[in-house]
Amino acid sequence: MSTKEKLMMTSNQKKQILRVVEDKLIKLNPSRTGAQTVLKKGKELQVKFGEIFSELLHPILKLISEGESIILDSEDGTKTLAKAKDLFSWIDSDFNNYGTDQKGAPTKETALQVYEMNEDATFSKMFGSLDSDLTKFCLTQAQIKQFVKRHKNWLRGEGYGTFFLFESNNQFFVAYVDVHSDDALEVSVHRFENSNVWSADDRHQVVVP
């Protein structure tokens, strides 16, 4: 079954699948005590399957760049956001306070994808919904700067923001780029473990490799 087909499942179809799973478990251990245990496990599975189907039907991040070619050129990694005064009208002083003003590793040509928030989420839940290995979704600060400069049309406008995950000093951070009504660009930085819940109503965007 394709992901598209899973997304099209009705509530009744999901319930039917869960009942089949529970029936199968009961047949594996038909004794009275065993049946009670299996029924309990079946209900636990229902909850788990419910969570999975909920995520399929209402993903935290919705891909909006499918079929588009968004490519970054190779970078030497020397550019940092704290020093990007040629691009941003305002730069968060926390780039320096958090010790993130460090050069990154050189990078090759990189293809990117752009997502839009579809459910309220913290950074952990947001990026974790894509994969548990966060390093897959990190960009260097030089790549973030290049994206903002060359692909401004993919930034969330109307005073809202676009998120970029990056790593510095073996810690994860999130750069937040705002595009204001006068096209002025601002960039702030947040610690990845920040517990703030970002609203899906604002349709913030997320850019990842």
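Remember, it's a predicted structure, so these values are computed and weren't measured experimentally. Hydrogens, waters and symmetry mates are skipped; everything else that's a heavy atom, side chains included, is used.
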For K103, is the NZ atom crowded, meaning more than 12 foreign heavy atoms sit under 6.0 Å from it? no

May I ask you to decide if K136's main-chain N or O and D131's side chain share a donor-acceptor pair within less than 3.5 Å? no

Modelled atom types, side-chain donor and acceptor of T110 and Q143, under 3.5 Å: yes

Taking a hydrophobic cluster as the set of Ile, Leu, Val, Met, Phe, Trp and Tyr residues connected by side-chain heavy atoms closer than 4.5 Å, whether directly or through intermediates, do I144 and I91 fall within one such cluster? yes

Side-chain heavy-atom pair Y98, N169 within 4.5 angstrom cut-off: no

Is a side-chain N or O of N118 found less than 3.5 angstrom from the main chain of P59, in a donor-acceptor match? yes

NZ of K145 to CG of L72, rounded to nearest 0.5 Å, is 13.5 Å

Got F137 and V206 here, is their nearest side-chain heavy-atom distance under 4.5 Å? no

Using a 3.5 Å distance criterion without hydrogens, assess whether the side chain of T162 forms a donor-acceptor pair with backbone atoms of R156. yes

So, taking the atom named CZ in F164 and the one named SG in C138, what distance separates them when rounded to the nearest 0.5 Å? 13.0 Å

Backbone of Q102 reached by a side-chain donor or acceptor of T80 within 3.5 Å: no

Could you tell me the separation between the OG atom of S168 and the CG atom of N170, rounded to the nearest 0.5 Å? 8.5 Å

Can you name the one residue among W198, F163, F173 that meets ring pair (Phe, Tyr, Trp, His ring centres under 6.0 Å) with H190? W198

Applying a strict under-4.5 Å side-chain criterion to I, L, V, M, F, W and Y, I'd like to know whether L139 and W154 cluster together. yes

Are the side chains of V207 and F147 in contact, using a 4.5 Å heavy-atom criterion? yes

Result for side-chain contact (heavy atoms from CB on, under 4.5 Å) between V177 and one of L87, L155, L81 points to L155

Take Y176 and D92, measure what side chain to side chain contact (heavy atoms under 4.5 Å, CB included) needs, and give me the verdict at the end. CA-CA 10 Å; Y176 179 84; D92 191 348; over 6 Å; no

Report the distance from atom CD of Q205 to atom NZ of K62, rounding to the nearest 0.5 Å. 10.0 Å

Mind checking whether I70 and V179 sit in one hydrophobic cluster, side chains of I, L, V, M, F, W, Y counted as touching below 4.5 Å? yes

Shared hydrophobic cluster for F172 and L61 (ILVMFWY, side-chain gaps under 4.5 Å): yes

Value rounded to 0.5 Å, distance of CE in M126 from CG in L165: 10.5 Å

Contacts satisfying salt bridge (Lys or Arg N to Asp or Glu O under 4.0 Å) that involve residues 181-205 (not counting sequence neighbours) are E116-R203

Is it the case that the side chain of E75 and the backbone of Q146 share a donor-acceptor pair, with hydrogens and angles ignored and the cut-off at 3.5 Å? no

Those residues at least two apart in sequence (or on a different chain) that pass side-chain hydrogen bond (donor to acceptor under 3.5 Å, both in side chains) with T135 are D133

Is a side-chain N or O of S199 found less than 3.5 angstrom from the main chain of D120, in a donor-acceptor match? no

Residues D178, W90; criterion side chain to side chain contact (heavy atoms under 4.5 Å, CB included); working and verdict: CA-CA 10 Å; D178 286 310; W90 178 82; over 6 Å; no

Straight-line distance of F123 CZ to S195 OG, nearest 0.5 Å: 10.5 Å

Would V189 and V174 count as a side chain to side chain contact (heavy atoms under 4.5 Å, CB included) if you check the C-alpha gap in whole Å, the side-chain angles of each, and the deciding distance to 0.1 Å? CA-CA 6 Å; V189 62; V174 177; over 6 Å; no

Given the rule that I, L, V, M, F, W and Y join up when any side-chain heavy atoms are under 4.5 Å apart, are M117 and L63 in one cluster? yes

For a side chain to side chain contact (heavy atoms under 4.5 Å, CB included) check, start with the C-alpha distance between V114 and H151, then their side-chain angles and the critical distance, and finish with the verdict. CA-CA 11 Å; V114 182; H151 301 287; over 6 Å; no

